[in-house]
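In what follows, every chain begins at residue 1, and chains take the letters A, B, ... in the order their sequences are listed. Values in this document were obtained by computation on a predicted structure and should not be read as measured data.
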There are 2 protein chains.
Amino acid sequence: MKLSTKGRYAVTAMMDLALHDHTGPVTLADISNCQGISLSYLEQLFAKLRKEGLVEGVRGPGGGYRLGRPASQISIAEIIHAVDEAIDVTRCLGSKDCHGGEKCLTHQLWEDLSHRLYEFLDGLTLASFISRPGVREVSRRQDTTASRIATMFPPRTAFSAMVAQGR
Amino acid sequence: MKLSTKGRYAVTAMMDLALHDHTGPVTLADISNCQGISLSYLEQLFAKLRKEGLVEGVRGPGGGYRLGRPASQISIAEIIHAVDEAIDVTRCLGSKDCHGGEKCLTHQLWEDLSHRLYEFLDGLTLASFISRPGVREVSRRQDTTASRIATMFPPRTAFSAMVAQGR
DNA sequence: TACCATACCTACTAATCCAGTAAGGAATTA
DNA sequence: TAATTCCTTACTGGATTAGTAGGTATGGTA
């Protein structure tokens with residue numbers, strides 16, 4: 001279990017998808033604009049997320065990405081694991097005899113910790129974050145604003161592009 | 001809260017110190033040999049740990065490092081925080097208006113997660129790992145072996161040096 | 001006292017990873 | 001057909017990791 005900026009990008013992007021799950025696919029350009037992450041970098045991250053089935057892409061105009069499963073069935077651990085490949089486990093097993101067991105001991109303690117951490121993050125789902133009080137309200141407000149403008153400029157993207165340009 | 005190999009090194013090294021807390025200081029050379037981490041790299045890590053008061057150094061022959069506080073008062077979060085400086089928080093506050101609040105929202109959700117993670121790791125102390133069943137036994141066995149040889153070759157270091165050389 | 005083991009400090013370096021750039025192809029809708 | 005979007009690959013500057021090297025300071029021991 002590793003945790004870096006990369007993992008944060010992936011998690012926040014997934015939260016974005018979860019927030020707009022009922023409004024249809026979200027484009028990477030949107031996320032790129034909204035969260036200030038480069039588009040191509042996002043594409044690389046989403047390639048990994050897609051490989052794990054966490055998201056699914058919809059091509060063509062009006063397309064984008066949506067969650068591969070309900071938000072309640074996607075854990076934070078899965079997301080981080082998909083993009084931040086695991087820390088290399090100590091190469092204790094097999095090589096040498098671990099200097100009389102001591103290395104094995106601390107190694108074992110680390111695995112213990114690592115396991116507890118994973119279980120903790122695996123217990124946290126996307127849904128558990130967006131269902132917090134206050135979140136839905138903000139999200140809904142944004143969606144209604146977007147959909148109001150969307151009736152004039154069909155896809156959600158048009159609105160986001162305007163926002164991105166500061167209009 | 002960031003988590004990388006660096007943090008793992010620091011945590012396992014601290015576990016090592018905790019395991020031998022009652023046997024006196026542990027030298028970095030010992031840890032280096034036992035866990036396969038370069039000596040100078042360990043020195044850099046321990047400089048940071050010392051700055052935070054997590055360890056204290058004892059100079060001269062027979063010296064080494066020992067815990068700066070009881071193992072029950074040192075949390076995993078503190079150790080990781082000491083060596084793996086925090087991930088840069090999104091520079092959302094102040095700059096621009098966060099594109100209509102959306103960036104602020106996912107940012108806020110991330111902070112929420114980050115906070116929960118920190119609290120989790122802050123609740124885990126070194127003591128909570130070394131007090132697990134089975135750990136003390138192995139540790140004690142190693143210590144008695146060490147001290148038996150130590151009566152012939154005074155400081156603990158002599159034994160470690162032999163082990164390191166594969167004798 | 002001289003010597004040695006250890007912490008402690010600073011500067012340098014090779015390798016790796018992060019984050020982004022660039023360029024294009026493939027699928028879908030209008 | 002044209003526009004939009006996903007999807008893929010290759011390249012790149014910079015940061016970080018992990019290690020090297022070379023010292024100084026301090027304390028125990030012969």
Integer-rounded Å distance: [N] [atom2] and [X] [atom1]:
X: B:Lys6; N: C:dA15; atom1: NZ; atom2: P; answer: 20 Å
X: B:Phe46; N: C:dC9; atom1: CZ; atom2: P; answer: 14 Å
X: A:Leu45; N: D:dC7; atom1: CG; atom2: C1'; answer: 14 Å
X: B:Leu28; N: C:dC8; atom1: CG; atom2: C1'; answer: 10 Å
X: A:Tyr41; N: C:dT21; atom1: OH; atom2: C1'; answer: 13 Å
X: B:Leu3; N: D:dT17; atom1: CG; atom2: C1'; answer: 15 Å
X: A:Glu43; N: C:dA23; atom1: CD; atom2: C1'; answer: 11 Å
X: A:Gln44; N: C:dA23; atom1: CD; atom2: P; answer: 16 Å

Query raised in the report: What do the steps show when you test A:Leu67 against A:Met14 for side chain to side chain contact (heavy atoms under 4.5 Å, CB included), and what is the final call?
Result: CA-CA 8 Å; A:Leu67 297 181; A:Met14 289 292 283; 3.8 Å; yes
| request: Determine whether the side chains of B:Ser4 and B:Asp84 contain a donor N or O and an acceptor N or O closer than 3.5 Å. | output: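 Looking only at side-chain atoms, B:Asp84 and B:Ser4 do form a donor-acceptor pair, the distance falling under 3.5 Å.
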Worksheet item: Do A:Ser75 and A:Asp122 have side-chain N/O donor and acceptor atoms under 3.5 Å apart?
Response: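 The criterion, which ignores hydrogens and geometry beyond distance, is satisfied for A:Asp122 and A:Ser75.
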Within the 4.5 Å heavy-atom criterion, are [X] and [Y] side-chain neighbours or not?
X: A:Ile79; Y: A:Leu126; answer: yes
X: A:Ile74; Y: A:Leu54; answer: yes
X: B:Leu109; Y: A:Thr12; answer: no

Measuring from the side chain of [X] (C-beta onward, heavy atoms only), which nucleotide among [options] has the closest atom?
X: A:Ile37; options: C:dC17, C:dG20, D:dC7; value: C:dG20
X: B:Thr27; options: C:dA7, D:dT5, C:dA19; value: C:dA7
X: B:Asp84; options: D:dA21, D:dT17, C:dA22; value: D:dT17
X: A:Thr5; options: C:dC18, C:dA19, C:dC8; value: C:dA19

* If you look only at pairs with a residue in residues 43-73 of chain B, which of them pass as a ring-ring contact (aromatic ring centres under 6.0 Å, His included), with sequence neighbours excluded? ->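 Listed by first then second residue: B:Phe46-B:Tyr65.
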Whether each nucleotide of nucleotides 24-30 of chain D has a protein heavy atom under 4.0 Å at its base (B), only at its sugar-phosphate (S) or at neither (-) is summarised, 5' to 3', as -BBBS--
Counting only side-chain nitrogens and oxygens, does [X] get under 4.0 Å of the OP1 or OP2 atom of [N]?
X: A:Tyr65; N: D:dC7; answer: yes
X: A:Lys51; N: D:dT8; answer: no
X: A:Arg66; N: D:dT5; answer: no
X: A:Lys48; N: D:dT8; answer: no

Assert: residue with more 5' nearest nucleotide on DNA chain C, out of A:Val58 and A:Ser38, is A:Ser38
